[in-house]
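Here's the structure, in structure tokens; my notes come after.
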Amino acid sequence: MQIRNTFSSLKGEITQFISVSHMIYIITRASISNAYPIFAQQGFENPREATGHIVCANCHLANKPVDIEVPQAVLPDTVFEAVVRIPYDMQLKQVLANGEKGALNVGAVLILPEGFELPPPPPDRISPEMKEKIGKSSFQTYRPTKKNILVIGPVPGQKYSEITFPILSPNPATNKDDYFLKYPIYVGGNRGRGQIYLDGNKSNNTVYNATATGIVSKITRKEKGGYEITITDASNGREVVDIIPPGPELHVSEGQSIKLDQPLTSNPNVGGFGQADAEIVLQDPLRVQGLLFFLASVVLAQIFLVLKKKQFEKVQLSEMNF
């Protein structure tokens, strides 16, 4: 009876271990398949390092352009738009996780100054024109405590290569931590899948290199796509097997001599990541009013000067005629 109870207990522990392992596997695979901003959110407290490097570039290795457009100055407690453009050739197709070709997705991270954030609900402060530009875009904060860092994606690139963020400016009159200053804004934008996962493993959207020097003795095509390439060292007969996932095109053949780190496949990546910055001034309304008052004073002074000059000329003319 005691042996039976011990076996039953051991069986229960094994079952529990397998269930937990399965759950961890599902969670891990889900995070890998989602990719884009969620990788940075999971692994980094702040997406912008002290060097100015945005961490998305750790996985998206190719350098591509990105552009941001913001107003030169905004008033406090007003909603304005920040337009992020992620240009690319819409005809391009990327390698998907299953090795097939598909359309590119895009994603972006917008790093605003402290105090700038998404307009809180209800969205009645957003103009109809801005709502039309935003469309069905869904933005989220990088962290619940970092409302000034916004992320979006992955979203279809053909529809969202230009993304409009609605931004609410802070009000120094109600928050003493905000000031009327010139602030920097940083943006990172990517198109297409990354080449490296956060754990350091390669995706199938990158080039694969030989891990040894030797001769390609055997190439086996796998049932679900991809290849197993056997490299034999001619000097000692040691064999190394390189696994190629479905997606990249094979550039070597059996019997070919190759060197260490020589590309075995093409580089299927057609996307990339870029970052840019801009500046915006949080303008004090009193300064604007003061400037307008000064300009009005200058204009009035000029008008009175002209009138005085005309009056003086009339007096001189009358004295000459007299």
Side-chain angles (χ1 to χ4, degrees), residues 34-41 46-48 54-57 60 64-92 94 103-144 146-171 178 182-193 271-283:
N34 286 336
Y36 292 101
I38 197 170
F39 267 7
Q41 288 172 280
N46 193 317
R48 185 173 183 269
I54 295 180
V55 298
C56 305
H60 299 268
K64 296 289 183 178
V66 66
D67 181 56
I68 180 172
E69 181 181 340
V70 294
Q72 183 180 4
V74 293
L75 295 175
D77 196 32
T78 57
V79 177
F80 65 96
E81 60 183 48
V83 181
V84 177
R85 298 182 179 89
I86 309 173
Y88 72 95
D89 185 356
M90 298 293 178
Q91 304 300 321
L92 293 176
Q94 70 173 347
L104 277 71
N105 291 336
V106 298
V109 53
L110 184 65
I111 306 173
L112 300 165
E114 292 283 349
F116 290 75
E117 59 184 24
L118 287 172
D124 53 354
R125 299 187 61 180
I126 302 177
S127 65
E129 294 81 6
M130 190 182 298
K131 287 181 181 179
E132 185 176 353
K133 293 180 181 179
I134 296 171
K136 296 182 179 180
S137 300
S138 178
F139 307 103
Q140 59 176 314
T141 56
Y142 187 80
R143 288 271 193 277
K146 294 185 180 296
K147 296 183 178 180
N148 62 310
I149 303 179
L150 310 177
V151 295
I152 182 174
V155 291
Q158 293 186 345
K159 187 176 181 180
Y160 294 101
S161 62
E162 182 174 304
I163 304 171
T164 300
F165 290 80
I167 309 298
L168 176 65
S169 61
N171 188 0
D178 299 322
K182 178 185 287 187
Y183 292 98
I185 295 177
Y186 306 100
V187 65
N190 69 275
R191 72 285 284 148
R193 298 173 58 233
F273 175 80
Q275 61 184 79
D277 57 74
E279 290 184 338
I280 191 168
V281 176
L282 184 61
Q283 192 62 263

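Small disclaimer: the values here were computed from a predicted structure and weren't measured.
- Partners of T78 under the side chain to side chain donor-acceptor pair (under 3.5 Å) rule, at least two apart in sequence or in another chain, are S169.
- Residues A82 and L110 share a closest heavy-atom pair of CB-CD2, 4.2 Å.
- The two residues P71 and F80 come nearest to each other via the heavy atoms CD-CD1, 3.7 Å.
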Run the numbers on V84 and I86 for side-chain contact (heavy atoms from CB on, under 4.5 Å), then give the verdict.
CA-CA 7 Å; V84 177; I86 309 173; 4.2 Å; yes
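- Residues R191 and P87 have side chains in contact (heavy-atom distance under 4.5 Å, counting atoms from C-beta outward).
- Between V83 and I68, every side-chain heavy-atom pair lies at or beyond the 4.5 Å cut-off.
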Would you check, one step at a time, whether the test side-chain contact (heavy atoms from CB on, under 4.5 Å) holds for K136 with V155?
CA-CA 11 Å; K136 296 182 179 180; V155 291; over 6 Å; no
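- Residues that satisfy the side chain to side chain donor-acceptor pair (under 3.5 Å) test with K133, not counting sequence neighbours, are E81.
- For E162, the side chain to side chain donor-acceptor pair (under 3.5 Å) criterion is met by R85, not counting sequence neighbours.
- Side-chain atoms of N148 come within 3.5 Å of backbone N or O of L112 as a donor-acceptor pair.
- Considering every non-hydrogen atom in both V70 and E279, the closest pair reads CG2-O, 3.9 Å.
- Heavy atoms of other residues, nucleotides or ligands lying less than 6.0 angstrom from NZ of K146 number more than 12.
- A distance-only check finds no donor-acceptor pair linking the side chain of Y88 to the backbone of P65 [under 3.5 Å].
- Y183 is linked by a ring pair (Phe, Tyr, Trp, His ring centres under 6.0 Å) to F116, counting only residues two or more places apart in sequence or in another chain.
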Test V74 against L282 for side-chain contact (heavy atoms from CB on, under 4.5 Å), laying out the working first.
CA-CA 5 Å; V74 293; L282 184 61; 4.2 Å; yes
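- A donor-acceptor pair under 3.5 Å links the side-chain atoms of Q94 to the main chain of R193, judged by distance alone.
- Residues that satisfy the side-chain contact (heavy atoms from CB on, under 4.5 Å) test with D124, not counting sequence neighbours, are P122.
- Among all heavy-atom pairs drawn from Y160 and V106, the shortest one is O-CG2, 3.5 Å.
- With values rounded to the nearest 0.5 angstrom, I126 atom CD1 is found 6.5 Å from K131 atom NZ.
- Here the closest non-hydrogen pair linking D178 and G115 is OD1-CA, 4.0 Å.
- Contacts of I111 classified as side-chain contact (heavy atoms from CB on, under 4.5 Å), with partners at least two apart in sequence or in another chain: P47, R48, I54, V109, I149, Y186.
- The distance from atom CD1 of I152 to atom OG of S137, rounded to the nearest 0.5 Å, is 4.5 Å.
- Residues T164 and P166 approach most closely at O-CD, 3.7 Å, considering heavy atoms.
- Environment of NZ in K182: sparse, with no more than 12 heavy atoms of neighbouring residues, nucleotides or ligands closer than 6.0 Å.
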